[in-house]
Amino acid sequence: MRKIMIFFFLLLLSACASKRPIQQVPVMTKITVKPRLIPVQMAGDSVLLRLLFECDSNNRLVLKKLAEQKSKGINSDWKLDDDGSFSYKANAGGRDTVIIVNDSIISKEVPVQVPVPYEVNVLFWYQKLLIFLGFLMVVVIVVKVTKYAIRGI
């Protein structure tokens with residue numbers, strides 16, 4: 001008997017809880033791409049110079065061979081004087097270049113669980129009719145009790 005009472009008590013508690021339906025709002029992702037210009041200074045260039053000097057019979061310095069390798073954009077100038085001095089000048093000015101970079105901005109909405117509105121304890125037409133008839137019955141009873149109380153005085 002005790003198990004049956006516990007069962008009905010648990011059944012009563014579980015029947016009282018109502019689960020509200022939950023609707024999840026759809027997630028919206030928006031990707032925005034914005035191009036942007038970035039100025040970049042190029043690194044300095046390099047030059048390789050190879051010289052081959054020899055001495056002649058009069059003990060004078062003679063340039064036998066000259067080989068120059070340089071990167072594009074380098075201006076160079078060299079000069080060999082009569083006294084045997086060699087001067088070399090290279091101008092590798094820094095070049096500014098513009099690079100186009102695409103910035104991607106990803107906007108993502110966070111999903112939120114929204115409870116769906118629903119009506120609780122909505123009366124049917126016959127329940128409304130019974131309430132109305134009950135109210136009329138109370139009014140009739142109050143009127144009869146009042147008449148009976150007035151006659152008794």
Side-chain angles (χ1 to χ4, degrees), residues 1-53 63 65-81 85-153:
M1 182 69 177
R2 186 175 214 184
K3 289 182 181 179
I4 294 173
M5 286 179 58
I6 293 174
F7 174 72
F8 281 119
F9 180 70
L10 291 176
L11 184 65
L12 178 69
L13 287 179
S14 66
C16 290
S18 66
K19 294 188 178 182
R20 297 180 61 167
I22 294 178
Q23 179 182 6
Q24 189 170 11
V25 177
V27 177
M28 189 172 117
T29 304
K30 182 180 178 184
I31 299 174
T32 308
V33 178
K34 292 183 179 179
R36 179 171 52 120
L37 298 176
I38 297 178
V40 177
Q41 187 172 8
M42 302 298 284
D45 292 328
S46 61
V47 175
L48 175 64
L49 182 67
R50 293 178 187 237
L51 300 172
L52 178 61
F53 291 103
L63 177 62
K65 185 176 180 182
L66 171 69
E68 179 183 26
Q69 294 177 350
K70 59 183 175 178
S71 299
K72 195 174 185 181
I74 293 182
N75 298 325
S76 62
D77 184 28
W78 58 275
K79 180 167 76 170
L80 183 61
D81 293 331
S85 65
F86 179 78
S87 60
Y88 183 81
K89 181 179 179 185
N91 185 7
R95 294 176 296 171
D96 290 338
T97 306
V98 178
I99 298 175
I100 299 174
V101 178
N102 291 329
D103 291 334
S104 299
I105 301 170
I106 301 173
S107 303
K108 191 173 192 180
E109 293 182 3
V110 179
V112 177
Q113 293 184 346
V114 178
V116 178
Y118 67 97
E119 296 178 0
V120 181
N121 297 334
V122 179
L123 299 176
F124 292 106
W125 65 271
Y126 65 90
Q127 292 171 327
K128 291 178 185 178
L129 179 66
L130 288 175
I131 290 172
F132 180 72
L133 290 176
F135 179 71
L136 281 178
M137 188 63 75
V138 169
V139 169
V140 169
I141 291 173
V142 168
V143 168
K144 285 193 176 197
V145 168
T146 308
K147 280 185 183 179
Y148 182 71
I150 292 176
R151 277 192 219 164
I153 296 179

Counterpart residues, side chain to side chain contact (heavy atoms under 4.5 Å, CB included), relative to Ile141 (two or more places apart)
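With sequence neighbours excluded, Ile141 shows a side chain to side chain contact (heavy atoms under 4.5 Å, CB included) to Met137, Val145, given in chain and number order.
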
What residues form a side chain to side chain contact (heavy atoms under 4.5 Å, CB included) with Lys147, not counting sequence neighbours?
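Per chain and number, Lys147 pairs via side chain to side chain contact (heavy atoms under 4.5 Å, CB included) with Val143.
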
Taking every non-hydrogen atom, the tightest pair across Val122 and Gln127:
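Heavy atoms only, the tightest pair is O-OE1, 4.1 Å.
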
Quick one, Ile106 with Thr32, criterion side chain to side chain contact (heavy atoms under 4.5 Å, CB included). Give me CA distance, side-chain angles, the key distance, then yes/no.
CA-CA 6 Å; Ile106 301 173; Thr32 308; over 6 Å; no

To the nearest 0.5 Å, how far apart are CZ in Arg151 and OG1 in Thr146?
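That separation rounds to 11.5 Å.
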
Within this structure, what is the OH-CD1 distance for the pair Tyr126 and Ile131, rounded to the nearest 0.5 Å?
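Tyr126 atom OH to Ile131 atom CD1 measures 11.0 Å (nearest 0.5 Å).
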
Mark yes when over 12 heavy atoms from residues, nucleotides or ligands other than Ile100 sit less than 6.0 Å from its CD1; otherwise mark no.
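Not buried by this count: 12 neighbours or fewer within 6.0 Å.
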
Once salt bridge (Lys or Arg N to Asp or Glu O under 4.0 Å) is applied, do any residues pair with Arg36, and if so which ones, sequence neighbours excluded?
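Scan of Arg36 (salt bridge (Lys or Arg N to Asp or Glu O under 4.0 Å), adjacent residues dropped) gives Asp103.
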
